[in-house]
Amino acid sequence: MQTPSSSSSIHSLIYACSKLNDFKRVLSLFSRLLYQGHVPDAFLFPTVVKACTALSNIKAGRQVHAIASISGSDSDPFVQSSLVHLYVKCSHLKDARKLLDAMSEPDVVSWSALVAGYARLGRVSEAKEVFEDMENKGIKPNIVCCNGLIAGFNQSGYYLESVSMFRKMHSRGLKHNGTGISSVLPAVGDLEDLILGNQIHGYVIKMGTVSDKCIVSSLIDMYGKCGCSLQMSQVFDEMEALDVGACSALVSGLSRNGFVDEALMVFRQFKDKGVDLNVVSWTSVIAACSQHGKDMEALDLFREMQIAGVKPNSITIPCLLPACGNTATLIHGKAAHGFSIRSGISDDVYVGSALIDMYAKCGRIKTSRLCFDRMPMRNLVSWNAILGGYAMHGKAKEAIEIFHLMQRSGQKPDLVSFTGILSACSQSGLTEEGQCYFNDMSREHGIEPGVEHYTCMVSLLGRAGKLEEAYSMIKKMPFEPDGCVWGALLSFCRVHNNMTLGEIAAKQLFKLEPTNPVNYILLSNIYASKGKWCEVNEVRDMMSKIGLRKDPGCSWIEVKPKAQMLLSQRHFTSSYDPPAHLNRIKPNSIDCNITLQLVIAQVGV
DNA sequence: ATAGGGTTAG
């Protein structure tokens, strides 16, 4: 390409490139112009600022702003307006506000951009203040301005604010359009406000906008979040044309309500019909699988997604990684890690946290820690991930260290953090420390222990042989103990062979989970240890009457590129069929001290 | 010459 040299030809080239959305070239042409000593006029700046905005390049934007100031163009309303948008887009709202205040007559467009910017960042009070300032200056908010607030509040998770803005519009006599409706519906769903949801649905039908794709998707989403699977499917069935958005919404709605197989079926149908599926639809089906224990399917789908040429993003990876962790397929986890580095999303706080968890579950706690240390930004999820990792590995010292470090860095612990620290103490036999942390929960942190914390305490005390204390812990629980609590007690009654409490726990468990064979076996083992053979037989009879058989225990290890399922041989019977997705090659008696038999399972490729 | 609002995945 010939390179233009005269300033006027560069000028027109800049406009041309902007029209073609080639914003990078706009900036490089602009710098060439400056290099030639040309001082741009006020007409050129808006186009150049627009390029910075499109690229979210605040650094270049500030430079352009400075040049505009020096050349006196910064008093031009077009230049000012474009700069306001630049700063809003880059989340520098203070600068945007300063600029807006300096403008002689800012219009509703500039105000709207700023207000929406505050709402998107979840800065509720400032958004409202600026909104009022605008009205006080005599500028009437229009429908676009209100929709910006509704959408912004929804995006930042302030669902009540979103809905109340929607209502405010209504009471002011402003008519809603498709944009406002599809922005408020997700918030309605999160609030599970079915009444409002139904009203809006009626409004949509009356307006005749049922064919609007975004509205359909958000209606499906709303009904899904409210647990109305039937209405959800109805909206879907009445839809005019197949739509990717509706597909994603339906898949996640079905999965949310426990219909995982149906979700997978819907996805398959869409794919077979040749609908152009995007990252969101792929991610929603991968999430559906990994959230419901279908780890193999999640891994397969991820592969399929890449074959389909759809690029995973920073949401896909955290959805996939639990599947790698649960199957302990380090090779897939590492591949996903490599992918996130190559695509520049490894600094994302959710990606990082999911990596920490995956490496911990694959037995690589040191790599976990490395990931944690290298994170440029951490949040509660990241702290809990490394804390849980140490707990999982029985490393109480490190867990405690992290627990204090997080607080010193200004991160308050939550229920999950306490589950981590308590289970770490429990596993390492740090009985007193665990009790201290448990007592601190409500006393120091104002967090009321939940059932999982009581379970940790029962284990902690039970492991230490303090079974009576564990039992009184259960008795003073402020809610009904569940199977996990009683299960923890029964397990440690077996360890210490305490028949009295073991019988109490077992009795509860037989009611709560009558078909769990483990409970029967634990109790019968306690009886056996006391030589109570009659009772042993009674329990065995109960089991066979219900038709229970102990499933083989199972866990995963990885030997080179294959994942292996470990089954405990004692219960391994020839009638046991491994899950269908395991392509069993041959039961391979690799000698693992008599108790283990390896079933080679092929995972992925 | 500039310019504001939408759904679905964690």
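Letters go in sequence order (proteins before strands), and every chain restarts at 1.
With rounding to the nearest 0.5 Å, the separation of NZ in K19(A) from CD1 in I14(A) is 13.5 Å. Atom-to-atom distance recorded for K128(A):NZ and F131(A):CZ is 11.0 Å, nearest 0.5 angstrom.
Here D243(A) lies out of heavy-atom contact (under 4.0 Å) with every strand. S110(A) comes within 4.0 angstrom of nothing in the nucleic acid, heavy atoms only. At the heavy-atom level, A151(A) lies under 4.0 Å from the strands shown only through sugar-phosphate atoms. If you check every strand for non-hydrogen atoms under 4.0 Å, N278(A) touches nothing. In this structure, I215(A) reaches the bases: a heavy-atom distance under 4.0 Å links it to at least one base atom across the strands shown. Within the nucleic acid shown, S284(A) comes within 4.0 Å of sugar-phosphate atoms alone, with no base atom in reach, counting heavy atoms only. At the heavy-atom level, S183(A) lies under 4.0 Å from the strands shown only through sugar-phosphate atoms.
Note that the first and last nucleotides of DNA chain B, 5' to 3', having any atom under 4.0 angstrom from a heavy atom of chain A are dA1(B) to dG10(B).
In the model, S56(A) has a side-chain atom that pairs as donor or acceptor with a side-chain atom of K89(A) under 3.5 Å. Checking T316(A) against T283(A) by side-chain atom types alone, a donor-acceptor pair falls below 3.5 Å.
In summary, E304(A) and K271(A) engage in a salt bridge, as defined by a charged side-chain N under 4.0 Å from a carboxylate O.
Residue I195(A) places its CD1 atom among 12 or fewer non-hydrogen atoms of other residues, nucleotides or ligands, all under 6.0 Å distant. More than 12 heavy-atom neighbours from other residues, nucleotides or ligands sit within 6.0 angstrom of CD1 on I307(A).
Across residues 344-354 of chain A, D348(A), Y350(A) each have a non-hydrogen atom less than 4.0 Å from an atom of DNA chain B (numbered order).
Checked against the 6.0 Å centroid criterion, the rings of H337(A) and Y359(A) qualify as a close aromatic pair.
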